[in-house]
Amino acid sequence: MKILVADDDRNIRQGLVDLLEGEGYETIAAADGVEALRLMRRDRPQLVLLDIMMPGMDGYAVCREIRREDETLPVLFISARSEEIDRVLGLELGADDYIQKPFGTREVIARIRAVMRRSLPPQAARMQEQPFVMGDLRILPAELRAERGGQVIELGPRDLRILQLLHRRCGEVVSRDQLLDQCWGRGFVASSRTVDQHVSRLRKLIETDPAQPRIIVTVHGAGYRYDRPAPAAELQR
């Protein structure tokens, strides 16, 4: 999934890019409204994070242009402005949500996921891969979530791709290079350490005991593997 980040503050812009790419999103970044529109038309992102106060063309004007060309592209305003009139105007222009600076990183990710779930057309939702089970964990791809008992676990796109790959290759060893190619992309410059760090973080989310993982098992010197448990231990589909 590709996200356009438009903010004239370089630190905020880069911080958002780093956050989103760490969660598995592809990003493109713009420092002003004119560049944001150009990148939107050229690269066709699936979501836009849009600052309001930008040089050349402010976020309101950019949102108007986006809505003239695409009524369905999700737009989230990000701004230091806090007055209610600004929030109302942004929403009236067609924004899907509004995030006020300063914001927490978890808030940004949660709002993006919520907007994407709301904006997914019914036909696209039906085309999404069906939920699948890994041990006692039920994964819901269309919602970027997993469930265990009554616990809901929020997943990033890369988390989901890793789990899908291991599930498809159940019982087989998936090397770090294969994970990089299929879950990060062939153009992504990274090392095997990148995979290990991400898997470690993912285990903390999905494993009952991350120190003794049962879903993502390390095969020393080779990669990772998911072993399907005995049928009685699996959840009912």
Side-chain angles (χ1 to χ4, degrees), residues 1-3 5 12-27 29 46-47 49 99 103-117 129 131-170 172-229 235:
M1 175 180 165
K2 187 184 298 180
I3 297 178
V5 178
I12 292 177
R13 186 172 65 249
Q14 189 60 50
L16 286 168
V17 166
D18 292 343
L19 168 66
L20 295 171
E21 291 185 349
E23 291 289 328
Y25 297 100
E26 181 181 352
T27 64
Q46 283 75 56
L47 183 141
L49 290 179
I99 303 173
F103 46 77
T105 56
R106 292 296 95 195
E107 177 189 7
V108 174
I109 298 302
R111 288 181 181 271
I112 287 173
R113 290 173 179 166
V115 166
M116 292 308 300
R117 286 195 292 267
E129 184 174 343
F132 58 96
V133 172
M134 299 178 79
D136 62 347
L137 191 72
R138 184 173 178 81
I139 296 96
L140 310 171
E143 299 180 20
L144 280 177
R145 287 175 173 169
E147 296 177 341
R148 174 182 285 115
Q151 179 190 15
V152 175
I153 302 166
E154 299 286 346
L155 300 173
R158 187 167 289 136
D159 299 332
L160 177 61
R161 290 196 290 269
I162 291 171
L163 294 174
Q164 287 174 321
L165 177 58
L166 291 171
H167 183 261
R168 287 196 304 270
R169 301 275 299 275
C170 179
E172 301 177 22
V173 177
V174 179
S175 71
R176 291 170 175 83
D177 286 342
Q178 290 171 328
L179 283 164
L180 279 171
D181 284 346
Q182 298 189 44
C183 302
W184 272 259
R186 294 183 181 273
F188 191 90
V189 180
S191 67
S192 60
R193 183 62 180 160
T194 301
V195 176
D196 294 339
Q197 290 173 341
H198 195 95
V199 167
S200 177
R201 187 191 65 79
L202 180 55
R203 280 173 170 161
K204 292 176 182 177
L205 288 176
I206 66 170
E207 298 281 4
T208 303
D209 181 0
Q212 297 184 4
R214 296 180 177 274
I215 296 174
I216 305 179
V217 177
T218 299
V219 181
H220 293 289
Y224 297 96
R225 185 183 65 225
Y226 164 64
D227 292 319
R228 191 185 305 278
L235 295 174

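For reference, positions follow the sequence shown, starting with 1.
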Looking at Arg13 and Val5, would you say the former's side chain and the latter's main chain have a donor-acceptor pair under 3.5 Å? no

Keeping Tyr25 on the side-chain end and Gly156 on the backbone end, is there a donor-acceptor pair under 3.5 Å?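 No; judged by distance alone, with no hydrogens or angles, the pair does not exist.
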
Using side-chain heavy atoms (C-beta onward) and a distance below 4.5 Å, is [X] in contact with [Y]?
X: Leu155; Y: Leu163; value: yes
X: Leu180; Y: Arg176; value: no
X: Glu23; Y: Arg113; value: yes

Atom [atom1] in [X], atom [atom2] in [Y]: separation rounded to 0.5 Å?
X: Arg106; Y: Glu154; atom1: CZ; atom2: CD; value: 9.5 Å
X: Leu20; Y: Leu47; atom1: CG; atom2: CG; value: 9.0 Å
X: Glu107; Y: Ile112; atom1: CD; atom2: CD1; value: 10.5 Å
X: Ile215; Y: Asp136; atom1: CD1; atom2: CG; value: 6.0 Å
X: Tyr224; Y: Asp196; atom1: OH; atom2: CG; value: 3.5 Å
X: Ile206; Y: Leu137; atom1: CD1; atom2: CG; value: 6.0 Å

Using the side-chain hydrogen bond (donor to acceptor under 3.5 Å, both in side chains) criterion, which residues pair with Arg161? Sequence neighbours excluded.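 For Arg161, no residue satisfies side-chain hydrogen bond (donor to acceptor under 3.5 Å, both in side chains) once neighbours in sequence are set aside.
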
Arg214: what forms a side-chain hydrogen bond (donor to acceptor under 3.5 Å, both in side chains) with it, not counting sequence neighbours? none

In terms of ring plane angle, is the pair His167 and Phe132 parallel, tilted or perpendicular, where the classes change at 30° and 60°?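 Ring orientation, 0 to 90° scale: tilted.
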
Look at Glu21 together with Arg158 and state whether they make a salt bridge at an N to O cut-off of under 4.0 Å. no

With sequence neighbours left out, what residues match Glu26 under side chain to side chain contact (heavy atoms under 4.5 Å, CB included)?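 Partners of Glu26 by the side chain to side chain contact (heavy atoms under 4.5 Å, CB included) criterion, ordered by chain and then number, come out as Lys2.
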
Quick one: list whatever passes side chain to side chain contact (heavy atoms under 4.5 Å, CB included) with Ala222, sequence neighbours left out.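 With sequence neighbours excluded, Ala222 shows a side chain to side chain contact (heavy atoms under 4.5 Å, CB included) to Val173, Val219, given in chain and number order.
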
Around Gln151, counting heavy atoms of other residues, nucleotides and ligands shown, do more than 12 lie under 6.0 Å from its CD?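 More than 12 heavy atoms, drawn from other residues, nucleotides or ligands, come within 6.0 Å of this atom.
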
Where Val133 and Gly135 come nearest, the two heavy atoms and their spacing: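 Looking at all heavy atoms of both residues, the closest pair is CG1-O, 3.2 Å.
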
Indicate the atoms forming the closest heavy-atom contact of Pro141 with Pro131, along with that distance.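 Heavy atoms only, the tightest pair is CD-CA, 3.8 Å.
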
Which pairs count as side chain to side chain donor-acceptor pair (under 3.5 Å) when at least one residue sits in residues 200-209, sequence neighbours excluded? Asp159-Arg201, His198-Arg201, Arg203-Thr218

Only counting residues at least two apart or in another chain, list the ones meeting salt bridge (charged side-chain N to carboxylate O under 4.0 Å, His left out) with Asp227. Arg225

